[in-house]
Structure formats: C-alpha cells, structure tokens
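These notes concern the structure reproduced below.
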Amino acid sequence: GIAERRMWKIYQLDPESITHNIGLVLTFGPSYSVDDVVASLRLMVRNAAVLGSTIVVDDNGVPRRSPDRHDGRWVEPGAVWEWGVLPAYDMSAPVSDIAAALGKSPFDLRNEPPMRARVQATDGGVTVVLVVHHLAVDAVSWHILIDDLADVCRQVERDSGSAVLQPVPTSYRAYARAVNEEAQRASRLAEFEHWSATLAPGGELDADALTVGLTVGATRDHEVVLDV
C-alpha cells in the first residue's frame, strides 16, 4: 500500500534508526500458560501476513513483501519462547530491561520480519514483550493485532488449545473504495454548499470566530442528526 511504500522510503534513509520501533509489554494472569500464549501468538502472526514477511526489492527498485517462515523457538522449554530475530540481551534482567534491549535494536527489514517477541513464564502468569516496526503496524492496526491476540488467548485458555480467528469481513481496500464511492453520491455532493457556508469565515463553526474558553462551563454542544 501507499503507507507501506512511504514507510519503506523513510526506513531506507536511516536503516539503523529505532525511531519507528513500537514496543509493548503484556501481562497474562495465572489462568494462562506459556503454551497458551505461544499458540496464540503463532496464530496471530499467521493471520497477519505482514508480520511474517521481509522486504524484497526488484530490479526496478519496487519493494514487495515476501513470506519469511518463522515459527519461533524455545530458549528454555516451557519457560521462555522467542519469535523473530532478537538481539543479544541479558536473560536474567528485569522484563523492563529486556523490553528496552529488544526495542533499541534496529530491524534489518530485508532479512528479518518486522516483529520480535519474547514470552516468559512468571510466578503470576505470563509476560510477553512485543516489538514491531512501524512498517507493519500503525495506531489502527496495532489495536487490531492486540484484540486478535486477546481473542485467541481467551479461546485457547477456554477450549484447551483450540482457537480460530474469524476472517476479516471488510478489507481496508474495500473500505477505502466504499468511502470514496459514498463521497461521490449525489446526496453527499448536495451537502457541499451547506458545509461550505457553515465552515466559512463568520459561519457557525468558523474556528477563528469561536472564542470558547478551555473550561467545561465555557463549552458548547452541537447536536447533529445524520440521515444515512
């Protein structure tokens, strides 16, 4: 997509940058086992192809994603599991230090997938460190991934290892196309004059004309009924 190609260009400017590494530490309660969480992560990755891919650039300089088979590995069977290419780190360090080490290591997106993960059993349950490059996630897709992971974990814990992620009902491409088509409908175009006047200087919603203070008592409510 356009966003991916833009992010790839930014990455090429400074491949050693860690600015676009996004990290998260998740904690699962005692009802979840390491095996439950590992199975859930594996399913999440299989469901999100971008997480298990590398970037291949053709002779014309056009980048594309290529599947890269990663299934994870047990560092300490039943206790510590890793996925992706992880930098060297102190395994005895606190989780916060391990998360920092994984987050501060740049991704080689031509040779490794844009995600690294570490799952560890703890006295109170399971801790997961996730680091994903911005090429693979943004503010929207990050929430989708975490929701998928939580959904799968609940299924695995409830059904003794069995879980299924429902297929995506609407792709981003289909959604974007539908939004564009809706914007071109005659009924939407007929609203143009109204909103142009409303947002114009001196209009009801003219930002420069609003002298509302930053207090609850000074705010105003606008109630709009949409006929869709």
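- With hydrogens and angles disregarded, a donor-acceptor distance shorter than 3.5 Å links the side chain of His134 to the backbone of Val137.
- Across all their heavy atoms, Leu130 and Ala117 have their closest contact at CD2-CB, 3.6 Å.
- Hydrophobic cluster membership differs between Ile98 and Leu26, with clusters built from Ile, Leu, Val, Met, Phe, Trp and Tyr side chains linked at under 4.5 angstrom.
- Closest approach of Trp142 and Val132 over heavy atoms only: CZ3-CG2, 3.3 Å.
- Scanning all heavy atoms of the two residues, the minimum distance from Pro114 to Ser53 falls at CD-O, 3.2 Å.
- Here the side chain of Tyr11 pairs no donor or acceptor atom with the backbone of Arg6 at under 3.5 angstrom.
- Phe28 places a side-chain heavy atom less than 4.5 Å from the side chain of Val128.
- By the 30° and 60° cut-offs, the orientation of the rings of His133 relative to His20 is tilted.
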Residue pair Leu24, Val131: steps toward the side-chain contact (heavy atoms from CB on, under 4.5 Å) verdict: CA-CA 6 Å; Leu24 188 66; Val131 178; over 6 Å; no
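- For the pair Met91/Gln120, no side-chain contact is recorded, criterion being any heavy-atom separation below 4.5 Å from C-beta on.
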Residue pair Val56, Arg110: steps toward the side-chain contact (heavy atoms from CB on, under 4.5 Å) verdict: CA-CA 6 Å; Val56 175; Arg110 290 176 181 263; over 6 Å; no
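- Both Met7 and Val57 are members of a single hydrophobic cluster when ILVMFWY side chains are connected at heavy-atom separations under 4.5 Å.
- When side chains are defined from C-beta on, Leu145 counts as touching Leu51, because their heavy atoms get closer than 4.5 Å.
- Considering all non-hydrogen atoms of both residues, Trp74 and Asp35 come closest at CZ2-OD1, 3.4 Å.
- Checking side-chain atoms of Ser141 against main-chain N and O of Ile144 turns up no donor-acceptor pair under 3.5 Å.
- Side chains of Asn21 and Arg116 form a contact here, defined as non-hydrogen atoms less than 4.5 Å apart.
- Of all heavy-atom pairs between Gly78 and Ala121, the closest is O-CB, 4.3 Å.
- Linking Ile, Leu, Val, Met, Phe, Trp and Tyr whenever their side-chain heavy atoms come within less than 4.5 Å leaves Phe107 and Ile18 in two separate clusters.
- Proximity of Glu16 to Asp14: side-chain heavy atoms (C-beta onward) are separated by under 4.5 Å at one or more points.
- Annotation: cation-pi pair Arg154/Tyr32 absent, no NZ/CZ under 6.0 Å from the ring centroid and within 45° of its normal.
- No side-chain heavy atom of Cys153 sits under 4.5 Å from any side-chain heavy atom of Asp36.
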Let me have the donor-acceptor pairs involving side chains of residues 79-87, under 3.5 Å, with sequence neighbours excluded, atom names and distances please.
| residue | atom | partner | partner atom | Å |
| --- | --- | --- | --- | --- |
| Glu82 | OE1 | Arg73 | NH2 | 3.4 |
| Glu82 | OE2 | Tyr89 | OH | 2.4 |
| Trp83 | NE1 | His70 | O | 3.2 |

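- Under a 4.0 Å N-O distance rule, the pair Asp71/Arg42 qualifies as a salt bridge.
- Linking ILVMFWY residues whenever their side-chain heavy atoms come closer than 4.5 Å, directly or via other members, leaves Val129 and Met115 in distinct clusters.
- In the hydrophobic clustering of ILVMFWY residues, with side-chain heavy atoms under 4.5 Å counting as a link, Val45 and Val37 come out together.
- Counting heavy atoms from C-beta outward, Asn111 and Asp108 have side chains that approach closer than 4.5 Å.
- Asp58 places a side-chain N or O within 3.5 Å of a backbone atom of Asn60 that can act as its donor or acceptor partner.
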